[in-house]
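Structure, as structure tokens:
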Amino acid sequence: AQSVTQLDSQVPVFEEAPVELRCNYSSSVSVYLFWYVQYPNQGLQLLLKYLSGSTLVKGINGFEAEFNKSQTSFHLRKPSVHISDTAEYFCAVSDRIAGGGNKLTFGTGTQLKVEL
Amino acid sequence: GAGVSQTPSNKVTEKGKYVELRCDPISGHTALYWYRQSLGQGPEFLIYFQGTGAADDSGLPNDRFFAVRPEGSVSTLKIQRTERGDSAVYLCASRDWRLNTGELFFGEGSRLTVL
């Protein structure tokens, strides 16, 4: 079984400032890691994913995340945010077991609010 | 359409009524998932289909909840004797099972309100 912890429920930030959204996970098996974004009244959209290889992954809209196995973390970062980045961000984990269903386990989400 | 389609987008019902929510996955995606997202929470897994069969229904909260996928494409989530606590957004997602990456493609959800 896996679990995901997003310690910050809300993160206010000014436009053009950098931001980091924190994510820690727990799992007894190797995992894949994801960040999804949810705009108001919309479904979840994939921002980026870590499957293997380089621990720094880049996603859409200028976001990136770094996988740290020793700290079991997968923090999301953006060097300069825009008003349009205001949304709910979810970190998620799935197991790597072939044929295992790969169901995602989500964190409780972080509301990013970008202010002028 | 190219994405996951869910209907209805909004459903308001009274306590005790029966509700059906429909999901049409991306064409060719044999894996289909239902999640429930309560206000202020992350999505919680309900059930997963591989083809026509439910491969994992461990997330269904009780026997009032049931889901089917008779032809391996469209799926229907059925809720009997609805309760106010069932109010949530029900999300459907699909995946190409050949890609063992866990990436799911989500629909926009069906918002259920039980009065």
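Labels below follow one simple rule: chain letters A, B, ... track the order of the sequence lines, proteins then strands, and each chain is numbered from 1.
The contact between A/Q38 and chain B is made entirely by side chain atoms (from C-beta outward), counting heavy-atom distances below 4.5 Å. Residue B/S58 touches chain A through its side chain alone, counting heavy-atom pairs closer than 4.5 Å. With a 4.5 angstrom heavy-atom cutoff, B/Q41 touches chain A via backbone and side-chain atoms both. Residue contact with chain A, scored on non-hydrogen atoms closer than 4.5 Å, involves the side chain of B/Q37 exclusively.
A/F90 and A/L48 are members of different hydrophobic clusters when ILVMFWY side chains are connected at heavy-atom separations under 4.5 Å. A/V37 and B/F106 are not part of a single hydrophobic cluster, where members link through side-chain heavy atoms under 4.5 Å apart. B/Y90 and B/V19 fall within the same hydrophobic cluster, defined by Ile, Leu, Val, Met, Phe, Trp and Tyr side-chain heavy atoms under 4.5 Å apart, directly or through other members. Residues A/V57 and A/L33 share a single hydrophobic cluster, defined by chaining ILVMFWY side chains whose heavy atoms lie under 4.5 Å apart. Clustering ILVMFWY residues whenever any of their side-chain heavy atoms sit less than 4.5 angstrom apart, transitively, puts A/Y39 in the very cluster that holds A/L21.
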Applying side chain to side chain contact (heavy atoms under 4.5 Å, CB included) to B/E103 and A/Y36, what does each step give before you reach the verdict?
CA-CA 10 Å; B/E103 178 180 352; A/Y36 280 84; 4.2 Å; yes
In sequence, state the C-alpha distance, the side-chain angles, and the governing distance for B/L104 and A/F34, and then conclude on side chain to side chain contact (heavy atoms under 4.5 Å, CB included).
CA-CA 10 Å; B/L104 302 186; A/F34 305 84; over 6 Å; no
Derivation of the side chain to side chain contact (heavy atoms under 4.5 Å, CB included) call for B/Y48 and A/K103:
CA-CA 8 Å; B/Y48 153 60; A/K103 64 187 184 189; 5.5 Å; no
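By the 6.0 Å contact criterion, CZ on A/R77 is enclosed, its count of non-hydrogen atoms from other residues, nucleotides or ligands being greater than 12. Counting non-hydrogen atoms of neighbouring residues, nucleotides and ligands closer than 6.0 angstrom, the CG atom of B/L115 exceeds 12 such neighbours. Summarising the local packing, CZ of B/F65 is surrounded by more than 12 heavy atoms from other residues, nucleotides or ligands at distances under 6.0 Å.
Residues of residues 72-82 of chain B having a heavy atom under 4.5 Å from any heavy atom of chain A: none.
B/Y35 places a side-chain N or O within 3.5 Å of a backbone atom of A/L104 that can act as its donor or acceptor partner.
Between chain B and the residues A/V4, A/V31, A/L44, A/T105, the largest count of heavy-atom pairs under 4.5 Å involves A/L44. For the set B/A55, B/A31, B/G42, the count of heavy-atom pairs under 4.5 angstrom toward chain A peaks at B/G42.
Between atom CG of residue A/L46 and atom CZ of residue B/F105 there is a gap of 7.5 Å, rounded to the nearest 0.5 Å.
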